[in-house]
Structure formats: C-alpha cells, structure tokens
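Numbers here simply count residues along the sequence, with the first being 1.
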Amino acid sequence: MRPSLLKSASQLLRRRGYAAAAGANPERKVAILGAAGGIGQPLSLLMKLNPLVSSLSLYDIAGTPGVAADVSHINSPALVKGFMGDDQLGEALEGSDVVIIPAGVPRKPGMTRDDLFNINAGIVKGLCTAIAKHCPNALVNMISNPVNSTVPIAAEVFKKAGTYDEKKLFGVTTLDVVRAKTFYAAKAGVPVTEVNVPVVGGHAGITILPLFSQATPASNSLSHEDIKALTKRTQDGGTEVVEAKAGKGSATLSMAYAGAVFADACLKGLNGVPDIIECSFVQSTVTELPFFASKVRLGKNGVEEVLGLGELSDFGKEGLENLKGELKSSIEKGIKFAHEN
C-alpha cells in the first residue's frame, strides 16, 4: 500500500470510530486467534493499522507465519508475531490486553448458525481454556459463531478455571450495527457516517433486533413497511453475503471491519477515553435472559455499565418478545455443551 493510501485508510478508519494517534497511550498487546482465516486475515491487517496496538500476536493452527510476515511489512508501529499450532498458543496469548476470536469454520449455503455449533463450540472451548491459563485478565472479543452460544461456552470455561469476569467477555455484534447503519442511511437518505442505530438481542436471525425507532438522525420518511424490510435485511445480512458469494465464502470483510471497530473501542476504553459506547452481547440483567446484546459503556475494566433498551416502539416490543425463546435456547445449548464436554 502506498503511503498516500495508508494515510487515506487510516483517516477513514478514524472517521468511522477508530482510534486517534497513540501519543502517550500505554502499550497494548492484541492477540487474534484464527488469524489465517477469511475473517482473521483482513482483521489482522486492520489491527496492524490501529495506532493503539503496539504488539499484534497472530495465531492459527496453520498458515500464520505467512500472514504475519505479510502484515509485518506494513509501515505502522505495531510489532507483529505469528504463532502456529497448539504448542505455540500459550506464547501467543501471554500478556494480551485484548483477545479477538474469529476462529472456526465459516457458514456455507444452506447452513444455519446452529449447524456450525458442534465444530466451533469445541474450538472455542479449547481456546478459552488457554486464555484462562495464559491471559486471564484480557478482554475477550468473541466473533466465532454461533455467538449466542459461544459466549456462554466461554463464560462456563472461565468459571470452571476460576477466572471469569463478566466485565471482560464480549460477543461481537458490531456487524449487525454496521449493517443497520448502512441500510438505514440508504433508505432514509442521510449521510451514513452520521448514522447511529442500536441493535439489541443476539447475533443470529430473529434474535437480531435493530431499533430503527431510536436511529439518529431521525427520519420521518420511513413507513412501517420500510422498518420491517430494514429489520429483515439486517437479520438476514449474513445470508445475503453467503448467497452472493455462491458458496465460496461468507461475510468475512465486513465482519473483519466490524471486529476491528469493536476492538478499537475496547482499547480506547482500557486507555481511559470517556463515553465509549458500543452494542455487545454480554452478561446482562436488561431482560430475564442471562446474556443479551445492548448498548454497553466501555472503560478500564471492560464493561463499565450495561445500558438499558430505551423507549421501544410497538414493533420493537413485539420483536423483543419474539426473539427471547430462540435466544434462551441458544444460550442454554452453549451452557449444556460446556458442562457435558
């Protein structure tokens, strides 16, 4: 990438919620588990561009030396190291402030997030066991699907190890927010960079509930049918990409971007930047469910405050009630897997 392009990319990311220049910020190590995969590679690139990252640790079961060598040539400050295989996982994690987990198999045409469960659940359990041992105080950003189940699995693994801190475990639902912003801006005819849309619930199908009634800037031009269509498209965004790629991939690039944005927010929170608010799937008392995605204030300890849902429209209230059964089932499935395996 030419210097001018690097500068342009960095400026764009800053405008879209990325960190400002590091200055006197403390050194931060970020580890990416699954760094050689479809999400992991572009995510590694984006985290290398983040000025708050001083050390970038890239881990996967294969292919990581090449990814690390490639990314390490970029003229940005983060020092990059690649790690491969089970015997190097501990070293990859040691001293990490933030661990991002995109590891696992991607969705394929006709595959539901539930179909991914048995494969990815086992992968996540193994990685979280290592996190508990080597960097128990790190903020853990879970991307591996199904997030509605993998976050509860991680929680149970950490509880068993005696390291669980509910303030430091996040299901990354930022892609739902990114999609909701993009689709809303196009339909409402407002600048996408100025849009904010809270997305609550979970991270699969009908459990994804974008609150377009709370979107800013507000739009009076959208009908009830428009809101229904926008909601449906946000919920089916992953399927839209899977089908468009005709079986040759899933939403990797947009997910990498969303993961980088959320990790950046975590780093800013750790560094004491005030009023960092993102939506995330966390341990929660917002509803009767033990985990729920809503706005979260981030800080030096991870979650500083889990924020409420705000005023819901009738459509939002209906969507909230409709999602609870499926989300409850997915959470329980994750907990059961952790206990039985």
> Roughly how far apart are Arg179 CZ and Thr174 OG1, rounded to 0.5 Å?
Replying inline: 11.5 Å
> Between Ser329 and Gly325, is there a donor-acceptor pair closer than 3.5 Å when you use the side chain of the first and the backbone of the second?
Replying inline: no
>> Evaluate Leu267 against Met47 for side-chain contact (heavy atoms from CB on, under 4.5 Å), listing each step before the verdict.
In response: CA-CA 11 Å; Leu267 290 166; Met47 295 313 296; 4.2 Å; yes
> If we only count heavy atoms from C-beta on, is the Ser280 to Val172 side-chain gap below 4.5 Å?
Replying inline: no
> Under 6.0 Å from the CD1 atom of Ile61, do we count more than 12 heavy atoms belonging to anything else shown?
Replying inline: no
> What do the steps show when you test Lys125 against Phe337 for side-chain contact (heavy atoms from CB on, under 4.5 Å), and what is the final call?
Replying inline: CA-CA 9 Å; Lys125 188 170 184 288; Phe337 177 89; 4.0 Å; yes
>> Looking at Ala218, is its backbone amide N or carbonyl O close enough to the side chain of Thr216 to form a donor-acceptor pair, meaning the two atoms are under 3.5 Å apart?
In response: no
> Looking at Ala180 and Pro210, what are the two nearest heavy atoms and their distance?
Replying inline: CB-CB, 4.2 Å
> Would Val98 end up clustered with Val151 when hydrophobic side chains under 4.5 Å apart are linked, directly or stepwise?
Replying inline: yes
> Leu298 and Phe170: which non-hydrogen atoms are nearest, and at how many Å?
Replying inline: CD2-CE2, 3.5 Å
>> Determine whether a donor-acceptor pair (N or O, by modelled atom type, separation under 3.5 Å) exists between the side chain of Asp70 and the backbone of Gly66.
In response: no
> Looking only at heavy atoms, which two atoms of Ala35 and Leu58 are closest? And how far apart?
Replying inline: CB-CB, 3.6 Å
>> Looking at every heavy atom in both Ala62 and Met84, which two are closest together, and how far apart are they?
In response: CA-SD, 3.5 Å
> Out of Ile143, Asn148, Leu327, which one pairs with His203 under the side chain to side chain contact (heavy atoms under 4.5 Å, CB included) rule?
Replying inline: Asn148
>> Closer than 3.5 angstrom, by distance alone: can the side chain of Glu194 be matched with the main-chain N or O of Val190 as a donor-acceptor pair?
In response: no
> Are the side chain of Ser54 and the backbone N or O of Arg28 linked by a donor-acceptor pair below 3.5 Å?
Replying inline: yes
> Does Glu288 pair with Lys324 as a salt bridge, N-O distance under 4.0 Å?
Replying inline: yes
> Is there a chain of hydrophobic side chains (I, L, V, M, F, W, Y, each step under 4.5 Å between heavy atoms) that links Val282 to Val200?
Replying inline: yes
>> Between Ile131 and Leu93, is there a side-chain heavy-atom distance shorter than 4.5 Å?
In response: yes
>> Tell me whether Ser96 contacts the main-chain N or O of Ala138 through its side chain, where contact means a donor paired with an acceptor under 3.5 Å.
In response: no
> What distance separates Glu166 CD from Gln283 CD, expressed to the nearest 0.5 Å?
Replying inline: 4.5 Å
>> Is there a side-chain contact (heavy atoms from CB on, under 4.5 Å) between Ile153 and Glu156? Walk through the geometry before answering.
In response: CA-CA 5 Å; Ile153 289 170; Glu156 294 304 309; 6.0 Å; no
> Phe117 ring centre to Lys333 NZ or CZ under 6.0 Å, with the angle to the axis within 45°?
Replying inline: yes
>> Tell me if a side-chain donor or acceptor on Ser149 pairs with a main-chain N or O of Ser330 at a distance below 3.5 Å.
In response: yes
> Hey, does the side chain of Glu326 reach the backbone of Gly205 with a donor-acceptor pair shorter than 3.5 angstrom?
Replying inline: no
> Taking atom CG of Asp226 and atom OG of Ser221, what is their separation to the nearest 0.5 Å?
Replying inline: 7.5 Å
> Do the side-chain N and O atoms of Lys48 and Ser76 include a donor-acceptor pair separated by under 3.5 angstrom?
Replying inline: yes
> For the atom pair CZ (Phe183) and CG (Leu230), what is the distance rounded to the nearest 0.5 Å?
Replying inline: 8.5 Å
> For Lys81, does the NZ atom sit with more than 12 other heavy atoms under 6.0 Å from it, leaving out its own atoms?
Replying inline: no
> Between Ser144 and Val124, what is the shortest heavy-atom contact and its length?
Replying inline: CB-CG2, 3.7 Å
>> Does any part of the side chain of Leu33, heavy atoms only, come nearer than 4.5 Å to the side chain of Asp60, both counted from C-beta?
In response: no
> If only atom types and distance count, is the side chain of Asn141 paired as donor or acceptor with the main-chain N or O of Ile100 below 3.5 Å?
Replying inline: no
>> Looking at Lys328 and Glu332, is any side-chain nitrogen of the basic one under 4.0 Å from a carboxylate oxygen of the acidic one?
In response: yes
>> With clusters defined by side-chain heavy atoms of hydrophobic residues (ILVMFWY) lying less than 4.5 Å apart, directly or transitively, does Tyr164 cluster with Leu139?
In response: yes
> Should Val306 and Val286 count as side-chain neighbours, where that means a heavy-atom distance under 4.5 Å?
Replying inline: yes
>> Between Glu240 and Arg233, does any side-chain N to carboxylate O distance fall below 4.0 Å?
In response: yes
>> Counting C-beta onward and ignoring hydrogens, is there a side-chain heavy-atom pair between Ser250 and Thr252 closer than 4.5 Å?
In response: yes
>> Any non-hydrogen side-chain atom of His339 less than 4.5 Å from a side-chain atom of Ile335?
In response: yes
> Do Tyr59 and Glu91 get their side chains close enough for a donor-acceptor pair, meaning under 3.5 Å?
Replying inline: no
>> If you count heavy atoms of other groups shown closer than 6.0 angstrom to NZ of Lys159, is the number above 12?
In response: yes
> Do the rings of Phe212 and Tyr184 sit parallel, tilted or perpendicular, given the 30° and 60° boundaries?
Replying inline: parallel
> Are side-chain heavy atoms of Val30 and Asn50 found at a separation under 4.5 Å?
Replying inline: no
>> Please report the interatomic distance OG1(Thr129) to CG(Leu89), rounded to the nearest 0.5 Å.
In response: 10.0 Å
>> Return the CZ to CG distance between Phe262 and Leu175, rounded to the nearest 0.5 Å.
In response: 13.5 Å
>> Assigning hydrophobic clusters by single linkage (Ile, Leu, Val, Met, Phe, Trp, Tyr; side-chain heavy-atom cutoff under 4.5 Å), is Phe281 placed with Leu307?
In response: no
> Are Ile227 and Val177 grouped together when hydrophobic residues (ILVMFWY) are joined by side-chain heavy atoms under 4.5 angstrom apart?
Replying inline: no
>> Please determine whether side-chain contact (heavy atoms from CB on, under 4.5 Å) holds for the pair Leu320 and Phe292, giving the CA-CA distance in whole Å, both sets of side-chain angles, and the decisive distance to 0.1 Å.
In response: CA-CA 11 Å; Leu320 178 61; Phe292 198 81; 3.5 Å; yes
>> Looking at Lys29 and Asp97, is there a salt bridge between them, counting it only when a charged N and a carboxylate O are closer than 4.0 Å?
In response: no
> Hey, does the side chain of Ser57 reach the backbone of Ala92 with a donor-acceptor pair shorter than 3.5 angstrom?
Replying inline: yes
> Are Cys128 and Met142 close enough that some pair of their side-chain heavy atoms sits under 4.5 Å apart?
Replying inline: yes
>> Distance alone, cut at 3.5 Å: any donor-acceptor contact between the side chains of Thr173 and Asp176?
In response: no
> More than 12 non-hydrogen atoms from neighbouring residues, nucleotides or ligands closer than 6.0 Å to CG on Asp87, yes or no?
Replying inline: yes
